[in-house]
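Notes follow the structure.
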Amino acid sequence: MAVGVAESHQDRSYGGGGGKVTAFVVLSCITAGMGGAIFGYDIGIAGGVSSMEPFLRKFFPEVYRRMKGDSRVSNYCKFDSQLLTAFTSSLYVAGLFTTFLASRVTSRRGRRPSMILGGAAFLAGAAIGGASVNIYMVILGRVLLGVGLGFANTAVPLYLSEMAPSRHRGAFSNGFHASAANGGLQMLLTQRRYRPQLVMAVAIPFFQQVTGINAIAFYAPVLLRTIGMGESASLLSSVVTGVVGAAATLLSMFLVDRFGRRTLFLAGGTQMLASQVLIGGILAAKLGDDGSVSKAWAGVVIFLIAVYVAGFGWSWGPLGWLVPSEIFPLEVRSAGQGVTVATSFVFTVFVAQAFLAMLCHMRAGIFFFFAAWLAAMTAFVYLFLPETKGVPIEQVDKVWREHWFWKRVVAEEEPASGKL
């Protein structure tokens, strides 16, 4: 009851809550949100395929040989292959470079052309990937998928947050994840009054990647093969965790506009932190360089991975896209989203490219590495992220002027910004 009163009060204080949820708004947001569905589907497919024996035997024979019983190689190093990680990260490298073009197209030509270009690139990449007969065709298909991803990730979150009424913006924008800047930076983002938003546009996607989620998403089947599970069991387990993540994201759509962004960020971060520490502890105690863990402990690890994925699914997953898309004033929104997407791609590439080598060298310690970042990012949100629930986009600059820390940063340019 208190939550409902607070929400109404905040909507009134910012003049928000206007607009109706019409059939056109719902249909438009569902259609745009399919960009998130394509993204999520691709991650799931890439993660599953990279552990399948026929795929490895055809495209990565060295990894296949190690996986099939080379006793000289540690459990943690069987999948350590730069070519295999290049297969994964090539999509995100292409997406990174596409983002700079996509930001310009989205700003000058609109959201719709960018989404159309993204869809066309997805179709081409999927066709080439499905017809691949060698590793070069596989990577070319992944590159084209990355081009589509660069356009979709830039345009779709903006489109969703702009189409939805402010009181339901969180639910509509989270649909992107559920169904989952260079020119402007010089102008419309280096000014002091945009400094808090710029920090968030870099920090939030950075933290989203160092949760370790993409390492889990890309390599969950590989990780489960590492602890001794068979191919079918590892693929089935990754499907189960995928379903859990999707369900958690749907839950987030119902919670985000009621409890707010900060509450979900903090609770989800705590949940993921506990899961990573427990997974690391179990692997450190039970899995050496050879052999495997017992079925009982493997089941516990799978359960903890599901808990971790659920925590991400209802917090940092959708909110990592929602919050950056709603914190920028209208005049710099396209440029700001470009910075967010580019940062996300940079660190996605880093995590995807480095994870298997880190797993090989750090062993179970890699989970403590991600846990440390989870602790840092949860503290960051608690201290520096203001609540944006129910705040109309055209008035979002007020939350920074009222925040205990950021008001000192933007204070000097407040009179100048009032002349706009």
Side-chain angles (χ1 to χ4, degrees), residues 2-17 157-158 160-162 164-174 188-208 252 255-270 314-333 335-337 339-340 343 374-414 417-418 420:
V3 173
V5 172
E7 183 174 3
S8 299
H9 172 73
Q10 186 173 37
D11 285 347
R12 287 196 300 269
S13 64
Y14 286 103
L158 293 179
L160 291 174
S161 63
E162 291 165 352
S166 61
R167 66 179 181 273
H168 299 297
R169 190 171 62 239
F172 276 93
S173 296
N174 281 7
L188 316 239
L189 289 181
T190 55
Q191 297 181 40
R192 188 181 181 92
R193 64 177 178 271
Y194 301 134
R195 194 74 51 78
Q197 294 97 318
L198 183 57
V199 169
M200 294 301 165
V202 174
I204 289 177
F206 166 73
F207 284 134
Q208 187 186 50
S252 173
L255 298 178
V256 66
D257 288 316
R258 182 175 184 183
F259 295 103
R261 285 63 163 150
R262 281 170 50 86
T263 299
L264 268 61
F265 266 134
L266 297 174
T270 302
W314 62 270
S315 64
W316 276 90
L319 298 181
W321 293 107
L322 165 62
V323 172
S325 75
E326 67 181 2
I327 61 176
F328 284 96
L330 294 174
E331 65 269 20
V332 294
R333 295 196 74 226
Q337 186 66 12
V339 173
T340 299
T343 303
L374 282 162
M377 60 201 276
T378 302
F380 176 87
V381 167
Y382 179 79
L383 293 172
F384 299 114
L385 182 67
E387 182 57 67
T388 53
K389 181 190 71 171
V391 183
I393 289 176
E394 61 272 15
Q395 299 184 35
V396 76
D397 60 318
K398 291 183 179 179
V399 303
W400 308 105
R401 296 202 299 268
E402 296 172 358
H403 187 267
W404 72 271
F405 176 81
W406 296 117
K407 65 181 180 182
R408 293 178 290 179
V409 176
V410 301
E412 290 185 9
E413 290 203 7
E414 195 170 330
S417 63
L420 293 178

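All of these numbers come straight from a predicted model, not from anything done at the bench.
- Contact record, Leu266 with Thr378: CD2-O, 3.4 Å, taken as the closest heavy-atom pair.
- Contact of the Leu264 side chain with the Ser252 side chain is registered, since non-hydrogen atoms from C-beta on lie closer than 4.5 Å.
- Judged by distance alone, with hydrogens and angles left aside, the side-chain atoms of Ser325 form a donor-acceptor pair with the main-chain N or O of Leu322 at under 3.5 Å.
- Under the side chain to side chain contact (heavy atoms under 4.5 Å, CB included) criterion, Phe384 pairs with Met200, Phe380, Trp404, Phe405, Trp406, not counting sequence neighbours.
- The ring-ring contact (aromatic ring centres under 6.0 Å, His included) check on Phe265 picks up Trp316, with sequence neighbours excluded.
- Proximity of a side-chain donor or acceptor of Glu402 to a complementary backbone N or O of Lys407 within less than 3.5 Å is not detected.
- Of all the heavy atoms in Ser315 and Gly268, the pair that sits closest is OG-CA, 3.4 Å.
- The OG1 atom of Thr343 sits 11.0 Å away from the CD atom of Gln208 when rounded to the nearest 0.5 Å.
- Counting heavy atoms from C-beta on, the side chains of Arg193 and Trp400 never come closer than 4.5 Å.
- For Arg192 against Arg408, the heavy-atom pair with the smallest separation is NH2-O, 3.9 Å.
- Residue Val409 comes nearest to Arg195 through the heavy atom pair CG1-CB, 3.8 Å, listed as atom of the first residue, atom of the second, then distance.
- Atom OG1 of Thr340 is separated from atom CD1 of Ile327 by 6.5 Å, given to the nearest 0.5 angstrom.
- Interatomic distance, NZ of Lys389 versus CZ of Arg262, reported as 12.0 Å (0.5 Å rounding).
- Here Ile204 contributes atom CD1 and Gln197 contributes atom CD; the two are 11.0 Å apart, rounded to the nearest 0.5 Å.
- Taking each heavy atom of Val256 and Arg261 in turn, the nearest pair found is O-NH1, 3.3 Å.
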